[in-house]
Structures are given as structure tokens and as C-alpha cells.
Amino acid sequence: MTNYEQSIQRLKNSALGAATVRAFAALDPDEKIRNPDNLAREFIDPNFRPDADAPEKVAPFRQQLEQMLPGAYHFQNSRTKHIDALMKQAIAEGFRQIVILGAGYDSRAYRFASLAADIRFIEVDLPPLQIEKKVTVAAVLGTLPEHVSYLPLDFNNQPLDDILKATDYDPSQTTFFTWEGVSYYLNAAGVDATLAFVASHSPAGSRIVFDYMPQSMVDGSGEFYGGAESRRHMAGMGEPLTFGIPDGGIASFLQARGLELLSAVGPAELEQAYLLQSDGQLQGRVAGYVRMAEARVIGNR
């Protein structure tokens with residue numbers, strides 16, 4: 001297997017892992033906790049796919065994952081719900097062009113299709129992963145939906161500016177970008193290139209939501225709930241953490257890149273917003289290193 005093939009397999013495994021958590025969390029008996037991604041199960045191995053009528057399997061899966069990677073299950077669940085909420089808000093405000101960077105098995109383009117008649121989604125991902133996803137989407141929906149465009153892009157060998165070659169991308173239209181589960185696997189230049197594209201090729205007022213990690217999590221100098229376990233796991237999977245932002249520095253970091261911070265949340269905020277059960281009790285803790293930011297484009301530079 002070539003290095004490129006190994007890289008593709010690692011990314012696929014990562015996307016499948018996240019989808020598996022969403023698939024189980026989507027069956028949570030408590031509607032207040034339940035993950036909204038009812039399509040996640042379609043993308044995972046049938047041998048690991050939970051039965052739609054077997055909510056009793058959710059708790060054992062959650063407990064097993066919590067023992068291996070403390071906070072990971074609740075991170076995945078709350079991250080999905082947080083990005084969903086911000087995207088729905090943007091659509092309600094009139095955003096009609098949505099770009100999903102590193103789409104993986106993200107299903108928002110299909111789950112949110114009915115929110116606006118003229119909405120357009122552009123999914124950007126590596127060609128092999130995108131080909132597999134399109135096969136699954138066509139099988140589940142009967143055909144590939146017309147409101148979704150698929151832009152194959154090798155992030156390691158193609159500039160992000162190649163998005164401009166997509167016939168459906170309109171750089172003059174206010175755009176909502178999502179960038180989920182990617183930043184901490186890039187180097188500083190890769191992060192800068194992504195944010196520079198957003199700031200330079202979308203109008204003022206466009207937004208991006210993404211997750212990131214503190215620099216002290218990446219370099220191991222900080223202690224976080226589930227941090228040591230997560231670092232070991234990701235390194236063992238061939239995906240070591242490579243990029244972080246100093247805690248408290250996200251606003252200035254974004255400002256220097258033409259973006260204005262709109263919101264920044266960590267584990268405590270995610271837990272209170274998305275993980276309180278119907279009885280008012282917290283279902284579990286989010287991994288302590290989780291950070292999420294939403295930013296707005298100040299103006300083209």
C-alpha cells in the first residue's frame with residue numbers, strides 16, 4: 001500500500017469512527033440527548049451498524065467507548081448538534097451557499113435539504129472518499145440530489161483555490177463554511193491556507209465554524225480530561241496531532257487572518273447546551289480539549 005493509500009485509509013477510518021458514534025447516539029432513548037444524524041448509520045459497516053429498533057445498545061456502546069477514550073462519545077454528539085444549530089441559524093438568516101470542507105460522511109446536505117428551496121451545498125473532499133460516499137448517497141436516496149455539488153480535492157496536492165473552479169461556487173455569495181475534525185491534523189500553513197481562502201474568496205459576513213485544540217493538548221504540556229488517551233489513540237492510528245491554538249488566543253488568531261470571532265465554546269458550554277437529559281442530569285462529560293469557534297469574514301483582503 002502506498003503512502004497515499006495509507007493516508008486515505010486513515011482518513012476513512014476516522015470518518016467511519018465519527019459516523020459510528022453518531023449512528024449510536026441517534027438512537028438514544030432520551031430525545032433531548034439524541035443525535036440528529038439519522039443518516040449516519042448508512043455509511044458504516046453493516047456489521048457494526050446498530051439496529052434502528054435497538055436503543056438498548058446505545059448505553060453499552062457509550063460506556064465501552066468512554067472507557068477507551070474518555071469524553072469522545074459526548075464530544076462527537078455535542079459537536080454534531082452545535083454545528084447543526086449554527087447551520088440552521090445561518091439558513092434561517094438567508095444563507096443559501098454552504099461549503100463543507102473535508103466532508104467525510106457529513107449528512108447535513110441531505111438532512112437540511114428541506115429548510116430552503118434554493119439552498120446549495122458544495123462538499124469538498126478527497127476523491128476516493130467522495131466516490132464511495134456518492135455511491136452510498138445514491139443508494140439511500142435513489143439518486144444524487146441536484147442541490148449538492150461534489151468537488152474532489154486533494155488537500156495535500158491541490159490549492160484550496162481550486163474550489164473556485166467548481167461551477168456551482170459563487171465567490172460573490174455570502175457563504176457558510178463548516179470545517180469539522182480537520183484543523184488539528186494539519187500544519188500551520190495548511191490551517192492558514194484554509195482560513196485565507198474563506199477570508200479572501202467569500203464576501204464580508206460569510207461565516208465558518210470549526211473545531212480546534214489547544215496547543216497544550218497538541219504538545220502534551222497540558223492536562224485535559226481524556227487528553228492523554230486521545231493523543232495515544234490518534235498517534236496509534238497514524239494521525240498524530242500537529243496543530244493547536246493557545247487557549248485564550250482564538251480571537252486574535254482569527255483577527256490576524258481577516259476573521260472576527262462570533263462565538264467560542266468549550267466542554268462546559270457544550271455539555272450544558274446539548275447533554276442535559278430530560279431529568280436535568282448531565283449524561284456525561286465532553287473531552288476537556290474540545291474547542292469550537294464560529295467566525296465571520298471581516299472583508300476581502
Note to self: Do V124 and F177 have side chains that approach each other closer than 4.5 Å (heavy atoms only, starting at C-beta)?
What the structure shows: no
Would I163 and L101 count as a side-chain contact (heavy atoms from CB on, under 4.5 Å) if you check the C-alpha gap in whole Å, the side-chain angles of each, and the deciding distance to 0.1 Å? CA-CA 10 Å; I163 291 177; L101 301 170; 3.8 Å; yes
If you count heavy atoms of other groups shown closer than 6.0 angstrom to CD of Q64, is the number above 12?
no
For residues 17-72, the ring pair (Phe, Tyr, Trp, His ring centres under 6.0 Å) pairs (sequence neighbours left out) are F24-F61, F43-Y105
Hey, does the side chain of S206 reach the backbone of P203 with a donor-acceptor pair shorter than 3.5 angstrom?
-> yes
Sidechain-backbone polar pair: R41 side chain, R49 backbone, donor-acceptor under 3.5 Å
no
* For the residue pair R291 and P214, establish whether any side-chain heavy-atom pair is separated by less than 4.5 Å. => yes
Residues joined to V135 in its hydrophobic cluster, side chain to side chain under 4.5 Å directly or through other members, sorted by chain and number, are none
Interatomic distance, NE2@H74 vs CG@L270, rounded to 0.5 Å, equals 12.5 Å
Applying salt bridge (Lys or Arg N to Asp or Glu O under 4.0 Å) to D279 and not counting sequence neighbours gives none
For this session: Examine L39 and L115 and state if one hydrophobic cluster contains both, with Ile, Leu, Val, Met, Phe, Trp and Tyr joined whenever side-chain heavy atoms are less than 4.5 Å apart.
Result: yes
By ring pair (Phe, Tyr, Trp, His ring centres under 6.0 Å), Y184 pairs with (sequence neighbours left out) none
One should read off an interatomic distance between I119 CD1 and F176 CZ, to the nearest 0.5 angstrom, of 10.5 Å
task: Go through the steps to decide whether Q283 and D28 satisfy the test side-chain contact (heavy atoms from CB on, under 4.5 Å), and finish with yes or no.
output: CA-CA 11 Å; Q283 188 184 73; D28 196 293; 3.0 Å; yes
When every non-hydrogen atom of L27 is compared with those of D51, the smallest separation belongs to CD1-O, 3.2 Å
Open item on the list: Do P36 and K81 have side chains that approach each other closer than 4.5 Å (heavy atoms only, starting at C-beta)?
Closed with: yes
Margin query: Treating S183 as the side-chain partner and D211 as the backbone partner, does any N or O pair qualify as donor plus acceptor under 3.5 Å?
Written below: yes
All heavy atoms of I44 vs all of P50, minimum pair found to be CD1-CD, 4.0 Å
Taken to the nearest 0.5 Å, the spacing of T178 OG1 from F121 CZ works out to 9.0 Å
Under a 4.0 Å threshold between the charged nitrogen and the carboxylate oxygen, would D106 count as salt-bridged to R108? yes
Is there a continuous path of hydrophobic side-chain contacts, each under 4.5 Å between heavy atoms, that joins M292 to V21? no
Salt bridge (Lys or Arg N to Asp or Glu O under 4.0 Å) filter on E260, not counting sequence neighbours, yields R296
Give the table of side-chain donor-acceptor pairs shorter than 3.5 Å for residues 141-153, with sequence neighbours excluded, one pair per line with atom names and distance.
unit_1	atom_1	unit_2	atom_2	d
H147	NE2	A109	O	2.6
S149	OG	R120	NH2	3.3
S149	OG	D168	OD2	2.2
Y150	OH	Y110	OH	2.9

Heavy-atom closest pair (Y185 atom, E239 atom, distance to 0.1 Å) is CE2-O, 3.4 Å
A19 and A40 have their tightest heavy-atom pair at O-CB, 3.5 Å
Determine, step by step, whether E123 and K133 satisfy the side-chain contact (heavy atoms from CB on, under 4.5 Å) criterion, reporting the C-alpha distance in whole Å, the side-chain angles of both residues, the deciding distance to 0.1 Å, and the verdict. CA-CA 11 Å; E123 294 196 0; K133 182 177 185 179; 2.9 Å; yes
In Q97, H201, R96, R207, the residue satisfying side-chain hydrogen bond (donor to acceptor under 3.5 Å, both in side chains) with T175 is Q97
Short side-chain to backbone donor-acceptor contact, S230 and G226, under 3.5 Å | no
Correct closest heavy-atom pair for S278 and D30 would be OG-OD1, 2.6 Å
task = Using modelled atom types only, decide if a donor and an acceptor are shared between the side chain of R231 and the backbone of M217 within a distance under 3.5 Å.
result = yes
| request: Look only at the side chain of Q76 and the backbone of R22, and say whether a donor-acceptor pair between them is shorter than 3.5 Å. | output: no
Inset, instruction - Look at the aromatic rings of F197 and Y169 and report parallel, tilted or perpendicular, splitting at 30° and 60°. - result: tilted
For A264 and L261, the nearest pair of non-hydrogen atoms, with its separation, is CB-CD2, 4.1 Å
* Asked: F210 versus V191: any side-chain heavy-atom pair under 4.5 Å?
  -> no
### Message
Hydrophobic clustering (ILVMFWY, side-chain heavy atoms < 4.5 Å, transitive) - are V265 and F75 grouped together?
### Response
yes
TODO: Flag yes if L275 and F224 sit in one hydrophobic cluster, no otherwise; membership is Ile, Leu, Val, Met, Phe, Trp, Tyr, and two members link when side-chain heavy atoms are under 4.5 Å apart.
DONE: yes
Interatomic distance, CZ@R232 vs CE@M68, rounded to 0.5 Å, equals 12.0 Å
TODO: Step by step, work out the side-chain contact (heavy atoms from CB on, under 4.5 Å) result for Y274 and D84.
DONE: CA-CA 11 Å; Y274 306 113; D84 273 17; over 6 Å; no
Q255 side chain near I298 side chain, heavy-atom distance below 4.5 Å:
yes
- Task: Using a cut-off of 6.0 Å, state whether more than 12 heavy atoms not belonging to E93 lie near its atom CD.
- Result: yes
CH2 (W179) and OH (Y212) are apart, to the nearest 0.5 Å, by 12.5 Å
Should I98 and F112 be counted in the same cluster of Ile, Leu, Val, Met, Phe, Trp and Tyr side chains packed under 4.5 Å apart? yes
dist L262:CG -> E294:CD (nearest 0.5 Å) comes out at 5.0 Å
